[in-house]
**Q** 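Please find one structure pasted underneath; my questions will follow.
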Amino acid sequence: LNFVNTMRQDKVQYKVIDRKFDAKNTSWAVNLMGYLGEKAVAKAYQVPVDKRILTGGDEGHDLVINDKKIQVKTSTLNKLIFNALELFTADYAILVTLIGDRQQPHINSKFKIWGAISKEDFKQVCYKKDYGYGIRFVCDTKHLALKGFYLLL
């Protein structure tokens, strides 16, 4: 919780524009859910989680696994969603679903790691969907695999 609290303070201090789209949740809880999803993947793959406070965000990836840059996308849905295709900037994306309370993701929650997909494969199989706040690019879990990865679950 300290990491997310410090990150939120940094965003407020530097007036970073919030890009969250979950009207049913707070920015703090959205950030915490994402961080906990990253921690789940880092633990499964036995790699370190990035704990740097970066005012403008990360370099387009959250973790490095087997020399591949990874974006971890944590959601309450079992869909891998990007707001725009150009936001998929890493080599792979991994979908994690929160099973628990989205407003308190740190209390009695579980995180399901569905698998990974390359940027190229995502572009081939994704479809457009509007969840009520504009068109998003979506991939179903059936397209997620562990290509080039060894998942320790």
**Q** So, taking the atom named CD in Gln46 and the one named CD1 in Ile65, what distance separates them when rounded to the nearest 0.5 Å?
**A**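 Separation between the atoms: 11.0 Å.
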**Q** Over all heavy atoms of both residues, which pair between Ser109 and Gly100 is shortest? Give the atoms and the distance, please.
**A**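 Looking at all heavy atoms of both residues, the closest pair is OG-CA, 3.8 Å.
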**Q** Less than 4.5 Å apart, any side-chain heavy atom of Leu95 and any of Thr141?
**A**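 Yes; the side chains approach each other to less than 4.5 Å.
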**Q** Just so I know, are the side chains of Val96 and Lys112 near enough to count as touching, which here means a heavy-atom distance under 4.5 Å?
**A**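 Contact flag for Val96/Lys112 side chains = no.
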**Q** Quick check against the 3.5 Å criterion: does Asp101 have a side-chain atom that pairs as donor or acceptor with the backbone of Gln103?
**A**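 Flag set: sc Asp101 to bb Gln103 pair under 3.5 Å.
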**Q** Are Phe137 and Val125 co-members of a hydrophobic cluster defined by side-chain heavy atoms under 4.5 Å apart?
**A**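 Shared cluster, yes.
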**Q** Is it true that a side-chain atom of Asp62 and a backbone atom of Val72 form a donor plus acceptor pair closer than 3.5 Å?
**A**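 Present.
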**Q** Could you go step by step and tell me if Tyr35 and Thr74 meet the side chain to side chain contact (heavy atoms under 4.5 Å, CB included) rule?
**A** CA-CA 8 Å; Tyr35 179 66; Thr74 307; over 6 Å; no
**Q** Quick check: does any side chain N or O of Gln71 sit under 3.5 Å from a backbone N or O of Asp91, one acting as donor and the other as acceptor?
**A**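 Side chain of Gln71 to backbone of Asp91: no pair is present.
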**Q** Give the minimum heavy-atom separation between Lys69 and Ala90, together with the two atoms involved.
**A**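 Minimum heavy-atom separation between Lys69 and Ala90: O-CB, 3.3 Å.
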**Q** When you group the ILVMFWY residues by side-chain heavy-atom contacts below 4.5 Å and let the links chain together, are Ile107 and Phe111 in the same group?
**A**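 No, because Phe111 and Ile107 fall into different hydrophobic clusters, even though each may have its own neighbours under 4.5 Å.
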**Q** Leu80 and Ile99: same hydrophobic cluster, using ILVMFWY side-chain contacts below 4.5 Å?
**A**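 No, Leu80 does not connect to Ile99 through the hydrophobic network.
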**Q** Of all residues at least two apart in sequence or in a different chain, which pass the side chain to side chain donor-acceptor pair (under 3.5 Å) check with Lys79?
**A**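 Here the qualifying residues are Asp140.
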**Q** Rounded to the nearest 0.5 Å, what separation is found between the SG atom of Cys139 and the CD1 atom of Ile81?
**A**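 Those atoms lie 10.5 Å apart.
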**Q** Looking at Ser118 and Tyr92, would you say the former's side chain and the latter's main chain have a donor-acceptor pair under 3.5 Å?
**A**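 No, Ser118 side chain to Tyr92 backbone: no donor-acceptor pair under 3.5 Å.
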**Q** Parallel, tilted or perpendicular: which one describes the rings of Phe82 and Phe122, with boundaries at 30° and 60°?
**A**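 The rings of Phe82 and Phe122 stand perpendicular, inter-plane angle above 60°.
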**Q** Nearest 0.5 Å please: distance from the CE atom of Met33 over to the CZ atom of Arg102.
**A**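 So the CE of Met33 and the CZ of Arg102 are separated by 7.0 Å.
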**Q** Starting from Tyr45, can I reach Ile70 by hopping between I/L/V/M/F/W/Y residues whose side chains sit under 4.5 Å apart?
**A**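 Same hydrophobic cluster.
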**Q** If I take atom NE2 from residue His61 and atom CD from residue Glu38, how far apart are they, to the nearest 0.5 angstrom?
**A**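 With rounding to 0.5 Å, NE2 (His61) is 10.5 Å from CD (Glu38).
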**Q** What verdict does the side chain to side chain contact (heavy atoms under 4.5 Å, CB included) test give for Ile117 and Ile94, after you've listed the backbone C-alpha separation in whole Å, the side-chain angles of each residue and the deciding distance to 0.1 Å?
**A** CA-CA 7 Å; Ile117 190 168; Ile94 293 178; over 6 Å; no
**Q** State the NZ-CG distance between Lys110 and Leu98, to the nearest 0.5 angstrom.
**A**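 Reported value, rounded in 0.5 Å steps: 12.0 Å.
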**Q** Please give me the minimum heavy-atom distance between Tyr131 and Arg136, naming the atom from each residue.
**A**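 Nearest pair, atom of Tyr131 first, then Arg136: CD1-CG, 4.2 Å.
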**Q** Give the cluster check for Leu87 versus Leu85: same hydrophobic cluster or not, with ILVMFWY residues linked at side-chain heavy-atom distances below 4.5 Å.
**A**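 Yes.
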**Q** Mind listing the closest non-hydrogen atom pair of Ala40 and Ile113 along with its distance?
**A**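 So the two residues come closest at O-CD1, 3.7 Å.
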**Q** Got a donor-acceptor contact below 3.5 angstrom from the Asp130 side chain to the Tyr133 backbone?
**A**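 Yes; at least one donor-acceptor contact below 3.5 Å.
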